[in-house]
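A quick write-up on the structure given underneath.
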Amino acid sequence: MDIKVVENVKTVEADILVINMFEGGKTSSDLVNKYAIEEDDFKGKFGETYLLQTYGKEIYRKVLVLGLGKKEEFNSNKLRVAVAKAVKKAKQMAAKKVAFALEGIDFDYSEQFTMGALIADYSFDKYKTDGIKDGVKEVFVQADSEVVKKAETVAAAMKFARNLSNEPAQFATPSELAEIACDLGLETKIYDREECEKMGMGAFLAVGRGSVQEPKFIHIKYAVDNPKKRIAIIGKGICFDSGGLDLKPASSMLTMKDDMSGAAAVLGIMSVLRELHPQVEVHGIIAACENMPGCKAYKPGDILTAKNGKTIEVDNTDAEGRLTLADALCYACELGVDEVIDLATLTGACMVALGTQASGIMGNDEELIKKLIDTANRSGERFWELPMWEEYFDSLKSDIADMKNTGSRWGGASTAGVFLKKFVKDVKWVHIDIAGTAFLEKPQKEFIAGGTGAGVRTMLKYILEA
Ligand code: BES
Ligand code: MN
Ligand code: ZN
């Protein structure tokens with residue numbers, strides 16, 4: 001879909017002209033008066049639409065009135081969702097050209113308009129052999145073209161990540177992720193099993209042992225002269241999480257191709273950095289492997305030694321993400337960056353706590369946490385802080401090693417957080433648990449079911465605002 005910025009949207013010969021209406025209010029568009037809305041049918045409630053026929057009297061064939069809800073409750077996040085609804089509606093109607101004549105909105109909607117239209121335009125139908133619906137081809141709008149252009153790039157990064165999350169595990173293997181990383185045109189280093197062994201990554205390698213797929217440790221670097229700061233973004237890269245020997249029940253395994261959504265986000269982010277050229281050095285790090293119960297699989301009771309020398313008693317092989325992240329965090333901390341941020345589909349507990357509406361956030365630097373929460377709010381995501389008190393470590397104490405990988409069932413997201421903290425040294429660090437937000441089982445707001453690209457919008461905004 002192309003977003004076309006035009007001077008006067010009403011002169012575009014579109015299949016549909018979209019105009020907006022606030023709840024109980026009027027639209028200043030004379031079209032509504034001309035073709036009259038039945039008030040009983042349409043009051044401008046948020047996300048509602050009403051179709052007017054123009055009977056060939058206008059250059060656009062139909063007018064879609066888009067309800068924006070109460071004016072005093074309206075904001076740029078609502079705008080994005082409303083635009084997405086209109087685009088989905090237009091797609092259903094098989095419209096190719098859609099013009100948006102937005103009126104009475106008293107903020108610059110250029111960014112969130114673009115995000116809403118492009119997020120809604122997304123589909124994953126490469127494996128469908130029939131009945132593929134073409135989307136809307138062109139969207140016309142009066143907006144700030146520079147802002148639109150940047151948002152288009154961010155939406156492309158999200159699409160990149162969503163495609164990877166949606167890709168079945170049979171194709172999106174650790175080796176495939178490594179290849180994709182190498183094709184980004186950035187400085188990239190892939191470490192194979194042997195090299196990871198030499199680096200002492202005993203926790204990461206243990207997780208990957210039960211699979212026939214080779215583990216790959218991926219390090220991508222975007223460099224600039226005189227960077228304002230240096231950051232590392234780690235993405236959990238479990239290409240499939242069967243649970244390992246502590247096998248998941250069938251229903252819980254169903255979506256576990258998505259357990260590399262953190263990695264997908266990292267690849268999506270890295271894929272657009274050259275285009276956005278922020279003055280920030282960015283390292284993308286992924287410890288990619290599968291968690292499978294093959295005959296070489298790691299076992300409950302095993303003791304693993306992570307890169308920093310700490311020992312971990314395996315309590316549950318399904319708590320594999322934190323083991324891979326442990327080594328990735330050690331690696332990232334050795335890069336001498338200013339900040340380390342990890343994105344991980346880490347705990348079902350985070351999903352229980354926050355549902356699919358917000359990612360959990362915790363870390364060792366309150367200021368950085370607050371900044372990321374604020375950036376998320378402005379980018380269209382939600383991050384919610386969860387505690388990471390040291391007391392959560394009590395249940396991770398082991399009789400024979402430095403720690404266990406799981407403890408009490410309660411407060412599981414926070415327990416995972418304090419576990420990760422043991423592998424962070426001398427750096428500002430934030431952990432973002434995207435277990436609930438990275439992959440939707442049913443459509444929500446601007447998204448269809450499936451991968452959402454969680455973390456991409458926020459991290460790119462954060463990097464660009466540095
Ligand atoms: N990948 C899962 C977490 C997850 C669950 C992500 C649901 C998305 C949706 C993770 O590896 C896992 O299995 N966590 C366990 C931890 C437990 C064994 C302590 C969990 O949450 O049940
Ligand atoms: Mn697991
Ligand atoms: Zn997992």
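Just follow the structure's listing: the first ligand is 1, and inside any ligand the first atom is 1.
- Heavy-atom contacts of Met256 reach the following atoms of ligand 1: 1 (N), 4 (C), 5 (C), 6 (C), 7 (C), 8 (C), 9 (C) (cutoff under 4.0 Å).
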Could you please spell out the steps behind the side-chain hydrogen bond (donor to acceptor under 3.5 Å, both in side chains) verdict for Thr458 and Thr375?
-> CA-CA 6 Å; Thr458 302; Thr375 310; over 6 Å; no
Evaluate the side-chain hydrogen bond (donor to acceptor under 3.5 Å, both in side chains) criterion for residues Ser76 and Gln112: first the C-alpha distance (whole Å), next the side-chain angles of each, then the deciding distance (0.1 Å), finally the verdict.
-> CA-CA 6 Å; Ser76 63; Gln112 293 307 329; 5.3 Å; no
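- Separation of atoms NZ (Lys307) and CG (Leu205) is listed at 12.0 Å; rounding is to 0.5 Å.
- If you check which protein heavy atom lies closest to atom 21 (O) of ligand 1, you get Gly348 N, 2.7 Å.
- Taking distance alone, with nitrogen or oxygen atoms compared against 3.5 Å, Gly321 stays at or beyond that limit from ligand 1.
- For ligand 1 and Thr345, the ligand atoms under 4.0 Å from any heavy atom of the residue are 1 (N), 2 (C), 3 (C), 6 (C).
- Residue pairs satisfying the ring-ring contact (aromatic ring centres under 6.0 Å, His included) criterion with at least one member in residues 318-374, sequence neighbours excluded, are listed as follows: Tyr191-Tyr331, Phe217-Tyr331, His219-Tyr331.
- Residue contacts with ligand 1: Asp318 is placed with a nitrogen or oxygen under 3.5 Å of a nitrogen or oxygen of the ligand (distance criterion only).
- Contact between His277 and Tyr222 at its shortest, heavy atoms only, is CA-OH, 3.1 Å.
- Contacts between Arg409 and ligand 1 below 4.0 angstrom, taking non-hydrogen atoms only, are absent altogether.
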Could you walk me through whether Thr345 and Ser261 pass the side-chain hydrogen bond (donor to acceptor under 3.5 Å, both in side chains) test, one step at a time?
-> CA-CA 7 Å; Thr345 47; Ser261 295; 5.6 Å; no
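- Across the listed options Asp259, Val207, Thr255, Asp259 owns the non-hydrogen atom lying nearest to atom 1 (N) of ligand 1.
- Excluding water, every protein N/O/S atom under 2.8 Å from the Zn ion (ligand 3) is given here by residue and atom: Lys236 NZ, Asp241 OD2, Asp259 OD2, Glu320 OE2.
- Annotation: Phe107 is in aromatic contact with Phe74 [ring centroid separation under 6.0 Å].
- What you find for Lys229 and Ala466 is that their closest heavy atoms are CE-CB, 3.7 Å.
- The side-chain hydrogen bond (donor to acceptor under 3.5 Å, both in side chains) search around Thr356 returns Gln444, not counting sequence neighbours.
- Around the Mn ion (ligand 2), the protein N, O or S atoms found under 2.8 Å comprise Asp241 OD2, Asp318 O, Asp318 OD1, Glu320 OE1.
- Of the protein's non-hydrogen atoms, the one nearest atom 19 (C) of ligand 1 is Thr406 CG2, 3.3 Å.
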Run the numbers on Glu446 and Arg162 for salt bridge (Lys or Arg N to Asp or Glu O under 4.0 Å), then give the verdict.
-> CA-CA 13 Å; Glu446 64 266 48; Arg162 296 171 83 183; over 6 Å; no
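- For the atom pair CD1 of Ile341 and CD1 of Ile463, the computed distance is 7.5 Å after rounding to the nearest 0.5 Å.
- Around NZ of Lys91, the count of heavy atoms belonging to other residues, nucleotides or ligands within 6.0 Å exceeds 12.
- For the pair Lys236 and ligand 1, a heavy-atom separation below 4.0 Å is found.
- Looking only at atom types and distance, the side chain of Ser242 has no donor-acceptor partner in the side chain of Asn291 under 3.5 Å away.
- For CD of Glu390, the number of neighbouring non-hydrogen atoms (other residues, nucleotides, ligands) closer than 6.0 Å is greater than 12.
- Across all their heavy atoms, Cys289 and Thr324 have their closest contact at SG-CG2, 4.0 Å.
- Every atom of ligand 1 is numbered from 1 in the order shown, and the set under 4.0 Å from a heavy atom of Lys248 is 12 (C), 13 (O).
- Listed by number with element, the atoms of ligand 1 under 4.0 Å from a non-hydrogen atom of Met351 are 9 (C).
- The contact set between ligand 1 and Glu320, taken as ligand atoms under 4.0 Å from a residue heavy atom, comprises 11 (O).
- If you check which protein heavy atom lies closest to atom 2 (C) of ligand 1, you get Asp241 OD2, 3.6 Å.
- Using the six-membered ring where Trp is involved, Phe419 and Phe423 have ring planes that are tilted, between 30° and 60° apart.
- Remark: of the listed residues Val272, Val456, Ile180, Ile180 is the sole one forming a side-chain contact (heavy atoms from CB on, under 4.5 Å) with Phe160.
- Distance from atom 16 (C) of ligand 1 to its nearest protein heavy atom, with residue and atom name: Arg322 NH2, 4.1 Å.
- Remark: among candidates Asn291, Thr324, Ile238, Leu346, the nearest residue to atom 3 (C) of ligand 1 is Leu346, based on non-hydrogen atoms.
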